[in-house]
Amino acid sequence: FPSHDICYPETTSQIRFVPDLAVFRDFVNTHLRELSHSVFLVMDGRDLGTVVCPDSPYKFYITASLQVRAERRQKDQEAQGFPSDLNQLIEDIRLRDHTDETREIAPLKQAKDAFLIDTSGLSLKTVLDTVLSRLRPTNLQSNAQVKLTPTTPSNKKNTPTASFAEVFSQWEESNQE
């Protein structure tokens, strides 16, 4: 865990059917809500700010143009060894967006109180700086733990953690230079 199988084109093409299963959504959302009340989490999903955790004080609606999203998906797939056609990816993403935006259960939409970040022309550092600048560590649990490195099979046992306040403090120091 985490499995890279979720990134396979076959997986992503089939995942769009899962959100239509109310029993599955209810089960997952219930557990995500419970988890969000017990630990500090950064979650990514198309209905987190509107359905799963609508009372979260920190919501970001992160998006990019269709072209940029397709180019990023193509780069990710090719890095995984899956050559892909950019035009097909654009169409696949367009279809998934439309399906998610028009579904009856938890349609994709920006929460009214979410901060919009269009990442189309932004670096990862700029996006991270934007998100971190909107967070206030004093409002978060003081013992919240944040992973500083991604968990991969090679470093799973040695993944360092730090409190959110420590990470935020390091970020602030690096931005004062």
Side-chain angles (χ1 to χ4, degrees), residues 1-9 11-21 24-66 68-77 79-80 89 92-101 103 105-137 139-141 144-152 156 159 161-162 164 167-168 171:
F1 183 75
S3 171
H4 292 287
D5 294 350
I6 199 165
C7 299
Y8 292 166
T11 305
T12 58
S13 70
Q14 296 301 310
I15 198 73
R16 71 176 194 263
F17 300 110
V18 174
D20 294 333
L21 304 173
F24 175 79
R25 291 185 75 84
D26 291 344
F27 175 82
V28 170
N29 291 349
T30 297
H31 290 286
L32 285 174
R33 281 185 204 103
E34 289 172 2
L35 189 60
S36 74
H37 292 295
S38 61
V39 296
F40 172 75
L41 290 175
V42 175
M43 293 192 275
D44 171 29
R46 291 187 153 210
D47 66 349
L48 284 166
T50 56
V51 176
V52 180
C53 298
D55 297 327
S56 172
Y58 301 104
K59 293 182 210 153
F60 300 91
Y61 189 84
I62 300 175
T63 190
S65 72
L66 186 59
V68 168
R69 290 164 52 212
E71 289 169 358
R72 289 174 181 166
R73 170 90 42 94
Q74 183 179 44
K75 183 179 175 185
D76 289 346
Q77 287 184 351
Q80 298 274 335
L89 288 172
D92 292 347
I93 293 170
R94 184 187 334 268
L95 174 64
R96 179 162 181 219
D97 286 350
H98 175 73
T99 301
D100 288 355
E101 290 166 352
R103 69 177 172 232
I105 301 171
L108 167 64
K109 63 182 176 180
Q110 180 179 344
K112 291 181 172 121
D113 57 343
F115 184 75
L116 174 66
I117 304 173
D118 184 333
T119 66
S120 297
L122 303 179
S123 69
L124 179 58
K125 181 182 182 332
T126 300
V127 174
L128 182 59
D129 288 348
T130 302
V131 169
L132 290 175
S133 72
R134 307 228 12 127
L135 299 178
R136 293 178 187 85
N139 293 340
L140 299 172
Q141 298 173 2
Q145 297 292 306
V146 178
K147 290 188 185 298
L148 299 178
T149 59
T151 301
T152 62
K156 190 174 186 179
T159 303
T161 60
F164 181 80
V167 173
F168 191 85
W171 170 81

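Closest of all the heavy-atom pairs between Tyr58 and Arg134 is CE2-O, 3.7 Å. Residue Arg103 comes nearest to Ile105 through the heavy atom pair NE-O, 2.9 Å, listed as atom of the first residue, atom of the second, then distance.
When side chains are defined from C-beta on, Tyr61 counts as touching Leu108, because their heavy atoms get closer than 4.5 Å. In this structure, Leu135 and Phe60 have side chains that are in contact, with non-hydrogen atoms separated by less than 4.5 Å.
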Considering only distance and modelled atom types, tabulate donor-acceptor pairs under 3.5 Å from the side chains of residues 27-35, sequence neighbours left out.
unit_1, atom_1, unit_2, atom_2, d
Asn29, ND2, Arg25, O, 3.3
Thr30, OG1, Asp26, O, 2.7
Arg33, NE, Val52, O, 2.8
Arg33, NH2, Val51, O, 3.1

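Taking Ser56 as the reference, nothing meets the side-chain hydrogen bond (donor to acceptor under 3.5 Å, both in side chains) condition, with sequence neighbours excluded. Judged as a side-chain contact (heavy atoms from CB on, under 4.5 Å), and not counting sequence neighbours, the contacts of Asp118 are Thr63, Ala64, Ser120. Residues passing the side-chain hydrogen bond (donor to acceptor under 3.5 Å, both in side chains) test with Glu71 are Gln67, sequence neighbours excluded. By the salt bridge (Lys or Arg N to Asp or Glu O under 4.0 Å) test, Arg72 is found to be paired with no residue, residues two or more places apart in sequence or in another chain being considered. Every residue two or more places apart in sequence or in another chain that forms a salt bridge (Lys or Arg N to Asp or Glu O under 4.0 Å) with Arg69 is listed here: Asp97.
The stretch residues 49-63 participates, sequence neighbours left out, in these salt bridge (charged side-chain N to carboxylate O under 4.0 Å, His left out) pairs: Lys59-Asp113.
Note on Arg96 versus Asp92: no salt bridge recorded, every NZ/NE/NH1/NH2 to OD/OE distance being 4.0 Å or above.
One distance of note links CZ of Arg46 with CG of Asp100; it measures 4.5 Å at 0.5 Å rounding.
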